[in-house]
Structure formats: structure tokens, C-alpha cells
Amino acid sequence: MNYYPLVKTVAEPEAVILADGSFPVHPLPLSFLYRCRRIVCCDGAAEALIQWGREPEAIVGDGDSLNLALRERYAALIHRETEQETNDLSKAFRYCLKRGWKKLFILGATGKREDHTMGNISLLSDYQAQADVQMLTDYGLFTPVCGDAEFECFPGQQVSVFNRDCRSLSGEGLVYPLSAFTNWWQGTLNEALAGTFKIYADKRLWVYRVYGIEKENFPNVEK
């Protein structure tokens, strides 16, 4: 059974992928953006990162979302992929895999357009077969799961469970029972009872845990 600790206790990822959604404002994702050695930006996300005060390890995409000055200044960091079969997030993910980086956090993948948000979350199930990947938002953490899993939590933590293709799904340590939900809303707004909860599943799902931390627990990341 795989074990997933609270994100504030995990070690630094090998790389952070910064997508071109809403730039993080919560101190927890910002803390990883602040200290992670490698930040791979999806095209236009590079401009927001540079304005925040950090420079990317790489910029992946067609480069069209960058202004001319940045394209020229960071030309050596731009890795162009013009194919249209996958989005920039998947291109950045492949870039990391090619370099052997398999413990990855994805930031900035929500906000702005809702269709992009839904698409980015759905991709987590495709990525998990190849890497240890989680998505941090300004409110909580998405973890893709396949099979049985145990999660660190705190009593009263809000939890949502989204079924992708499970035919058998149950839980332990949550207020409300789980089943092989046929609609995403059915697994939302659950709640942890103690310090861990378990999920028993035959296939894939996503688990969302809201944060439960205070800003003063993190270094000053204001830029």
C-alpha cells in the first residue's frame, strides 16, 4: 500500500513544473517554488516566474507566449515543441522524464480557464505511471492514485475523492463511505477522522486534501 504524507513534510522534489495558469499565492506552493533547484516553465509561465524573482531551468513550448525581449534573453533555455497532440504541461513533463527527474510537483495548473484546469488535473493519472507526481494549488493537493493507498492527514481535514475508472472503491478513516462513484461531485466534501485514512481501490482515482497550515511555518517568500 502506497503512503502519501502531508505535503508540508515531504522532501524537496527533483523539479517543479510551473504551468501557465494562476501564479501561486499560498505560502506552501510558494515555498517549494522558492527553494526547489529546478523549475521547468510551461511557455508563458516563465514571464510570471521571472517577475517574481526567479529564473527557470528550462522553458518548454513553442515560445509564442513570451514577449520578444524574454525570448531573446532566455533563448538558450527555450526548448521548442511545436506538435499539437499534447499540451505544454505534458511537454514539460516529458522534458523532466528525459532528464531522469521523476519526483515532480506541478504548480500553476489551475485558475484562469476552467477547461485547462480540468484537462490538467485529468493528466495526473497518465503521469503517475511514469513518475511520482502531485499537483499543488492555492487551496490543496491533488494526488493521483492507482490501487490501495494510505494518506497522512489531520482530524477534520477536508478530503475529496474523484473516481476515474474504479469499479471497486471503499475507504477507512473518513466521515462518509466511499463507493465507485459515477459522478465527480459524489466524492467531494468528505472529512478525515484522525491522523491517517485509507482508500481501497482496484484502479485509478484522484485524492484532494486541503491545506491546514499557517504562513509563519514557511520561510519568507515574498519577492
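Values reported hereafter were calculated over all heavy atoms of this structure, with side chains retained and with hydrogens, waters and symmetry mates removed. All values derive from a computational prediction rather than experimental measurement.
- Here the closest non-hydrogen pair linking Ser22 and Lys112 is OG-N, 3.5 Å.
- Across Cys96 and Ala15, no two heavy atoms sit closer than the pair SG-CB, 4.2 Å.
- The closest side-chain heavy-atom distance from Ser90 to Tyr127 is below 4.5 Å.
- In this structure, CG in Asn67 is found 9.5 Å from CD in Glu72, a value given to the nearest 0.5 Å.
- With hydrogens and angles disregarded, a donor-acceptor distance shorter than 3.5 Å links the side chain of Gln157 to the backbone of Val210.
- Counting heavy atoms from C-beta on, the side chains of Gln130 and Phe93 come closer than 4.5 Å.
- Residues Pro24 and Leu18 come closest through the heavy atom pair CD-CD1, 4.2 Å.
- Looking at heavy atoms from C-beta onward, Val145 lies out of side-chain contact with Ile199 at the 4.5 angstrom threshold.
- Side chain of Arg167 to main chain of Ala180: no donor-acceptor pair is present (N/O by atom type, distance under 3.5 Å, no hydrogens or angles).
- Atom CZ of residue Phe151 and atom CG of residue Leu174 lie 9.5 Å apart, to the nearest 0.5 angstrom.
- Counting heavy atoms of neighbouring residues, nucleotides and ligands inside a 6.0 Å radius, atom NZ of Lys103 exceeds 12 of them.
- No side-chain donor-acceptor contact under 3.5 Å links Tyr211 to the backbone of Tyr139.
- Distance alone, capped at 3.5 Å, is enough to place a donor-acceptor pair between the Arg164 side chain and the Ser122 backbone.
- In this structure, CG on Leu107 lies 9.0 Å from CZ on Phe32, to the nearest 0.5 angstrom.
- With hydrophobic clusters built from ILVMFWY side chains whose heavy atoms lie under 4.5 angstrom apart, Val159 does not share a cluster with Phe154.
- In this structure the side chain of Arg37 reaches within 4.5 angstrom of the side chain of Glu12, judged on heavy atoms.
- No donor-acceptor pair closer than 3.5 Å links the side chain of Gln134 to the backbone N or O of Thr143.
- Shortest non-hydrogen contact noted between Ala48 and Phe23 is CB-CD1, 3.6 Å.
- The closest donor-acceptor contact from the side chain of Gln186 to the backbone of Asn183 lies under 3.5 Å.
- Contact of the Glu47 side chain with the Leu70 side chain is registered, since non-hydrogen atoms from C-beta on lie closer than 4.5 Å.
- Note: Phe105 CZ to Glu14 CD = 11.0 Å, rounded to the nearest 0.5 Å.
- Within the 4.5 Å cutoff, no side-chain heavy atoms of Ile17 are placed close to those of Val60.
- Of the possible polar contacts, none joining the Asp43 side chain to the Gly61 backbone as a donor-acceptor pair under 3.5 Å is found.
- For Cys166, the side chain to side chain contact (heavy atoms under 4.5 Å, CB included) partners two or more places apart in sequence, or in a different chain, are Asn163, Leu169, Ala201, Asp202, Lys203, Leu205.
- Residue Asn190 forms a side-chain contact (heavy atoms from CB on, under 4.5 Å) with just one option from Val161, Val207, Val175, and that option is Val175.
- Rounded to the nearest 0.5 angstrom, Ile106 CD1 and Leu123 CG are separated by 8.0 Å.
- Tyr4 and Tyr200 end up in different hydrophobic clusters when Ile, Leu, Val, Met, Phe, Trp and Tyr side chains are linked at under 4.5 Å.
- Considering every non-hydrogen atom in both Leu49 and Cys41, the closest pair reads CD2-SG, 3.6 Å.
- Residues Phe162 and Ile121 are not in side-chain contact: their nearest non-hydrogen atoms beyond the backbone lie 4.5 Å or more apart.
- A donor-acceptor contact shorter than 3.5 Å is absent between the side chain of Asp148 and the backbone of Met1.
- With hydrogens and angles ignored, the 3.5 Å screen pairs no side-chain donor or acceptor of Asn2 with any backbone N or O of Ala149.
- From Arg99, atom CZ reaches atom CZ of Arg38 across 10.5 Å, with rounding to the nearest 0.5 Å.
- Between Leu189 and Tyr176, every side-chain heavy-atom pair lies at or beyond the 4.5 Å cut-off.
- In this structure, the side chain of Asp138 engages the main chain of His26 through a donor-acceptor pair within 3.5 Å.
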